[in-house]
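Letters A, B, ... are given to chains in the order of the sequence lines, protein chains preceding strands, and every chain is numbered from 1.
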Protein chains: 2
Amino acid sequence: MPPQVRSRHRTLIKPVRGGITAPAGFLANAAACRIKKVDKPDLCLIFSEVPASAAGVFTRNRAVAAPILWTRKILQRPILRAVIANSGNANACTGLKGRHDAEAMALHAAAALSIRKQEVAVASTGVIGLPLPMDRIIPKIPGLAKSLSRSGGALAARAIMTTDTRPKTASFEWMTGGRKVRIGAMAKGSGMIHPDMATMLAFVTTDAAVNPQTLASALKEAVDESFNRITVDGDMSTNDMVLVLANGLSGARIHKRNLLSSGFQQALNQVCLGLALSIVKDGEGATKFVTIRTLHGKNKKDCITIARKIACSNLVKTALFGEDANWGRIMAAAGASGVPIHPEKIDIFFDEIPMVRRGEGLGTRQEKKAGRILRKKEFVITVDLHMGTSSAEIYTTDLSLDYVKINADYRS
Amino acid sequence: MPPQVRSRHRTLIKPVRGGITAPAGFLANAAACRIKKVDKPDLCLIFSEVPASAAGVFTRNRAVAAPILWTRKILQRPILRAVIANSGNANACTGLKGRHDAEAMALHAAAALSIRKQEVAVASTGVIGLPLPMDRIIPKIPGLAKSLSRSGGALAARAIMTTDTRPKTASFEWMTGGRKVRIGAMAKGSGMIHPDMATMLAFVTTDAAVNPQTLASALKEAVDESFNRITVDGDMSTNDMVLVLANGLSGARIHKRNLLSSGFQQALNQVCLGLALSIVKDGEGATKFVTIRTLHGKNKKDCITIARKIACSNLVKTALFGEDANWGRIMAAAGASGVPIHPEKIDIFFDEIPMVRRGEGLGTRQEKKAGRILRKKEFVITVDLHMGTSSAEIYTTDLSLDYVKINADYRS
């Protein structure tokens, strides 16, 4: 058995229905504007009945899409009332017109909601390099604003899908200081593998009261432990965005001091991790969901670097698809990570089956046993580095024939 | 038309026959030891009739194979007489026994050749994690040493193949200071994509007289411009090795001062680039050979980083396989490289067809024209950064269904 990682969960956080509209004071809905070729919802609006603290994490790609530029800019004053998001078109590499279009989406949503455009975040996902069909989007916005409801979260989650095979939502409830608090979320993304450079959007709402600074630091931690653990093929999107809005309507106040003890950080981590894992599980062409766990590294950063290098290796991923217990590829990927490892100390396990002890393979009998693990849909590969006390997990899929088919044919 | 890169070639360097044994004083041959499952040559020996200056470039993987440890060690005194290399087994992750086996290969070759074991470089390629069948290798060495010949280069090149579909050799001749000089080489490798972490071996021989220090710096430049331009999927081998031996028998003396004017650097670059390109063209499952050229970068390093990021992107590579003019994926990969680019300045060409001007797509008509380019077996993607005066090229392939099949099934 590989050594175990301790859980840090403490507060009782229960799942509830509702997704993005589960927390008090949040409304949502979606409309079909024919941005996509098919007649499905492709534009959604999320609205908070009162001003909400906001924080965001954005792609580090230098070729960022227009909606990212808009939303990053308005978050300099981190109070939001609404988010407008579309699928089917990323509004990326669209020049000055693209920037005007992003602002126009905010402007028209603001007019329909009687708020200021600087209070409306904008997000887009889909094909890049094409101008948004604003003539079909703008006329739909007033009706969309009128149709906002507490039950609109489910439809909104559908409206941001691209190659996703299912919508992705999560919502939880817990008690802190005698108050009932809720957090809700929705995301889109079809694997750590990016449909068309416009992979991942996630929106989180909560009725806790959190000041923007505390919210930003809580979000950073949650994203580092979730969405940043699945971006594993190095293909960074032009449009990635994670936004959180906290409107305070539950009356529960979260400060820097009680971020942990109130359960807020844990709930935010849980909602982000849940969505991140559902993105991996819906990965393009994926037949396996594999956790790469590094144990006993010198520090967290090294553990993440090594696990990510293994999780990103095409050779490891094709071996997973082929159900081949090819631990040599894992060892070689670890060695190629740039982290100073001691290969002669390393143990490797497939679930509980030891495959490598002190850098050497344990033979074909163990590889046969591992075959049983590899045929499962979900398993854990543990790499014990024997160098320190840190650990990390990265979540990945195999690289399948369908991955190639989906991405070779995506636009045709 | 994209701007052109100037050629730097000057000396007349003619191709000749012979590969590794083209230069004076080099002999080679191969034997079948059943290291591979099939009865084909899998052990080869290269011998210089007189002591030769030597230099090597090795994998930077921390999980290095035993032969790398041996050869790196003996090159501290950079004079070699022989190289012994096998395919079918990488002798990697094989612990203490593996290190003894590598040394034993050198020892037995040395005994058969009446030289010292410290004069024998060792290389292996193939499956990792399995002990070498020394009982089948050692008995073959004396006969192999006796059979060495001037015509053995071709068979030696076959003996190091794994998933390669064809042997890879190159040899050239040129005049310097009234002397005729030759350089010869052989390599194995099946694409920038690594069969089983034991990708690339290359051996270069020359009858020029070059001191080890000058040889090492010349090799570094040649490798940087060739083999290091094709290792594009980040899966770094445990066994990569490029060795050069210079025995001086032509009488032509190469010094640091005349490295360029003598034509030696150019010939070495040419032989390495030729082999590197033949490795890419023999890439696993590859249907396209694509040059990613970055122009007008701030410096060479930035140009290489951006071109390599594009060349390594699974999304770009699957689009190439699908013959989809998806320039957005190229833009996004460039933006994700970490180099500060200005997307709004970038032009992109597929061969001579402009696709993107100042960061914006030129429309579906251009994409249709590009279809003609994408259906070719070989083409160039040019990314003009408009930031400076540097340029670089990286050589890559598409990511095909066959790539996944080959690597999912490699060991079964």
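With chain A as partner, the option from B:Pro340, B:Ala92, B:Gly359 having the largest number of non-hydrogen pairs under 4.5 angstrom is B:Pro340. No other option in A:Gly129, A:Ala319, A:Gly361 has as many heavy-atom pairs under 4.5 Å with chain B as A:Gly129. Counting heavy-atom pairs closer than 4.5 Å to chain B, the top-ranked of the candidates A:Gly363, A:Ala63, A:Ala65 is A:Ala63.
Of the atoms belonging to B:Ile346, not a single heavy atom falls under 4.5 Å from chain A. With a 4.5 angstrom heavy-atom cutoff, A:Ser400 touches chain B only via backbone atoms. When heavy atoms are compared at a cutoff of 4.5 Å, B:Glu360 approaches chain A by way of both its backbone and its side chain. The contact between B:Val339 and chain A is made entirely by backbone atoms, counting heavy-atom distances below 4.5 Å.
Within the model, atoms CZ of B:Arg62 and CE of A:Met331 stand 14.5 Å from one another, a figure rounded to the nearest 0.5 Å. Here A:Cys93 contributes atom SG and B:Ile348 contributes atom CD1; the two are 7.5 Å apart, rounded to the nearest 0.5 Å. Taking OH of B:Tyr403 as the start and OG1 of A:Thr318 as the end, the distance is 5.0 Å to the nearest 0.5 Å. How far CZ of B:Arg329 is from CD1 of A:Ile128: 9.5 Å, rounded to the nearest 0.5 Å. Between atom CG of residue B:Asn61 and atom CD1 of residue A:Ile341 there is a gap of 7.0 Å, rounded to the nearest 0.5 Å.
The environment of NZ in B:Lys97 is crowded: more than 12 heavy-atom neighbours from other residues, nucleotides or ligands sit within 6.0 Å. No more than 12 heavy-atom neighbours from other residues, nucleotides or ligands sit within 6.0 angstrom of NZ on A:Lys301.
Here the closest heavy-atom approach between residue B:Val404 and residue A:Leu399 is recorded as CG1-O, 3.5 Å.
For A:Lys376, the salt bridge (Lys or Arg N to Asp or Glu O under 4.0 Å) partners at least two apart in sequence or on another chain are A:Asp351. When the side chain to side chain donor-acceptor pair (under 3.5 Å) test is applied to B:Asp347, the partners found at least two apart in sequence or on another chain are B:Arg357, B:His386.
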